[in-house]
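Working notes, beginning with the structure itself.
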Amino acid sequence: MHENIQKRDISERPRKRKLKRFLSPALLILPLLVFIISFFVVPMLYILYLSFIDVKEGLNTEGAVYSIQNYVNFFKDPYYLSSLWLTIKISIYTVIVCLVLGYPVALTMAKSSVKVRSFITLLVVSPLLISVVVRNFGWYLLLLPNGTINKVLMGLGIIDSPLKLLFSEVGVVIGLASAYLPFMILAIATSLYNIDPSLEKASSILGASPLRTFRTVTLPLSFPGIVAGTTLVFSVSMSAYVTPTLMGGAAVPVLPVVTYDRIMVLFQWTYGSAMSYILLITTLVIVFIYTKIFEKSKYGEVFK
Amino acid sequence: MQKEIDVDIQGISLSYGKTKVLKEIDLQIEQGELLTLLGPSGCGKSTTLNIIAGFLEQDAGQLFIKGKKMNNVPSYKRDLGMVFQTYSLFPHMTVYDNLAFGLKLRKVGKEAMDEKIERSLKLVRMNGLEDRYPKELSGGQRQRVAIARALVVEPTLLLLDEPLSNLDAKLRHELRTEIKRMQNEVGVTTVFVTHDQDEALSMSDRIVIMNDGKIEQIGTPTEIYQNPKTEFVFRFIGSSTKMEGILTEIRDASYVVKLANELSLEVSKDNYLSDAAPSINEPINLYIRPEQCFFLNETNQNKLDVVLPATVSQMNYLGASWEVEVQVIGADQKISLVTQEVNEHVKVGSEVEVGWKLECMKISKSAI
């Protein structure tokens, strides 16, 4: 009798425990899972489906022909190709500006006391509290031909005629970089916090000057943060719509803006869907290659 | 022949805000010795090491390394080697590159570099692992590589900042002897910081006991253990049983102290640890180390000066020895003993007689 009970306990408990262990986390992520599937995965699949339908206008898929014509058209048209290239170029500029401006801030945060650090963090994220439209109109006023920046530069005699800051690539990069700088700073700062401070001491005691220590120890060890920050800023820049519209207008036709016009103005849903997927795939491929290059480099060990 | 002084610390002080971390430290470290800075946390031992390393700058006082004044010289120009508690190997470099780091900065040629690295790794018994990354090594192996990296540049001074405290007990013991062997082989002057008294006693040529930003005593391990100069040193090193009494008489060379159970003990003035002389009727602390207390038997009964009847209250088996705690009969006093052999009559609750020699007792003024 007693033996029996023990035997059953042994055989049943692990299975029950396994089920329990699996069930509770599954329940916890269920709401999110439902949300993501219904509002992200399904629409994305629908757009993918649309992109392979060759109709001139609207969403009428009756008697539709399935083909890759939308994609072929895109790559045959130099206007769209140059728009794609412009999008990539502007995203790369934005990443570079964010990196150059953001790294020193992240480094300062990593070297500061906890108190100073949280104060800087607050400053860094504070622009995110303001709507992107409001922020862009702020820049708008500053960058106008007779705006503050041009007035100051001309008043100082640095330039003779106003610079074309608004409705140009410069304006878009300024707008995007100011919007996404916090992401870059926080990503790099996080990886700098994780560097054991005694590594810098070890480098110094072995004879490396502070600059050398930065170049050979701190910088390589912050590569994970740099990669995270740059891919994040690059991805969101590639798909940015509001800032290029407001700061660039018709002068800077980046792919998201062009796609929007295709769908909302010309009602070419299926062609617009193909364009969306081309933008998505391009972004993914560039990010993939970029991270692979870092991982395969001699600093690959940092990423493990 | 007088040995050369490698590190000369003269009156160094340092404060963080209002707290004085170091209070005018004077210390001379001889060429080739392994000197340990030992003390409880916050005593200033790590601060002292960081000042020698150049990571902290003293507020006052002079520091000379090999006769050169080091005030305001940054750490990367001091030509030192250091091993840290957290190993601090560069995670993005192989073992070889970690060792090559300092050599490249010293512009050592490729062939000489290979040879030096091989020799260093052989010294720490880690050759063959040049291409491994630190992550692929165990804690003990990492610390060996860290030692090799510190030694490969042939530093004027090797600094060890609690290098063993992140390792498990067995490894710690193993590396302790290893470090001693390597230090002997290379002959590099070494400053070792630890809070572990066993490490300090077993490895050091000399020990510096620090407390509250001051040096309490400098001496060889045996001097420190057997002839502590202050009550702090005595209580910090080794364990002891404390008894309370009152000073009843001051003689030429001794003090007579009466314990709570009316027992009077006469202890030599040489064993008095406090600075200021005590006065009559002042409360006095008496100390005896566990290994100097014995169970009474035929062979030692004539040698022990103090004998007390007691009951055994606790027995801990330590493998090589027994740790026994006894309760003195008729007094609120427990006494600890460490003994190799325990006869079969000694059990918890059994009545025994314990004793010790008066010359082993240390006394001091009660702090209150």
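In what follows, every chain begins at residue 1, and chains take the letters A, B, ... in the order their sequences are listed. Being a predicted model, the structure only gives us computed values, none of them experimental.
Note on B/Pro91, B/Ala53, B/Pro74: by heavy-atom pairs under 4.5 Å with chain A, the leading option is B/Pro91. Per-residue heavy-atom pair counts under 4.5 Å with chain A were compared for B/Gln85, B/Lys135, B/Arg78, and the maximum is reached by B/Lys135. Contact count against chain B (heavy-atom pairs under 4.5 Å) is highest for A/Ala208 among A/Ala208, A/Pro220, A/Pro210. Each of B/Gly54, B/Ser88, B/Gly102 has some count of heavy-atom pairs under 4.5 Å with chain A, and the biggest count is that of B/Ser88. Between chain B and the residues A/Thr213, A/Val302, A/Thr216, the most heavy-atom pairs under 4.5 angstrom are made by A/Thr216.
With A/Ile90 as the partner, the side-chain contact (heavy atoms from CB on, under 4.5 Å) test is satisfied by one option alone out of A/Ile88, A/Thr94, A/Ile92, A/Thr87: A/Thr94.
Using a 3.5 Å distance cut-off with no hydrogens or angles, the side chains of A/Ser198 and A/Asp196 do pair a donor with an acceptor.
Ring-plane geometry between A/Phe223 and A/Phe294 is classed as perpendicular, the angle between the planes exceeding 60 degrees on a 0 to 90 degree scale with a lower cut at 30. Under the 30°/60° scheme for interplanar angles, the aromatic rings of B/Phe101 and B/Phe90 are found to be tilted.
Both the backbone and the side chain of A/Ile205 have a heavy atom closer than 4.5 Å to some heavy atom of chain B. Only the side chain of B/Asn50 comes within contact range of chain A, judged by heavy atoms closer than 4.5 Å. Contact of B/Arg106 with chain A is made through the side chain alone, with heavy-atom distances under 4.5 Å. With a threshold of 4.5 angstrom between heavy atoms, B/Leu103 does not approach chain A through any atom at all.
Crowding of A/Tyr241 atom OH: a count of heavy atoms from other residues, nucleotides or ligands under 6.0 Å exceeding 12.
Contact check for A/Leu176 versus A/Val233: no side-chain heavy atoms found under the 4.5 Å cut-off.
Ion pair B/Asp205/B/Lys180 flagged as a salt bridge, since at least one NZ, NE, NH1 or NH2 atom sits closer than 4.0 Å to an Asp/Glu carboxylate oxygen.
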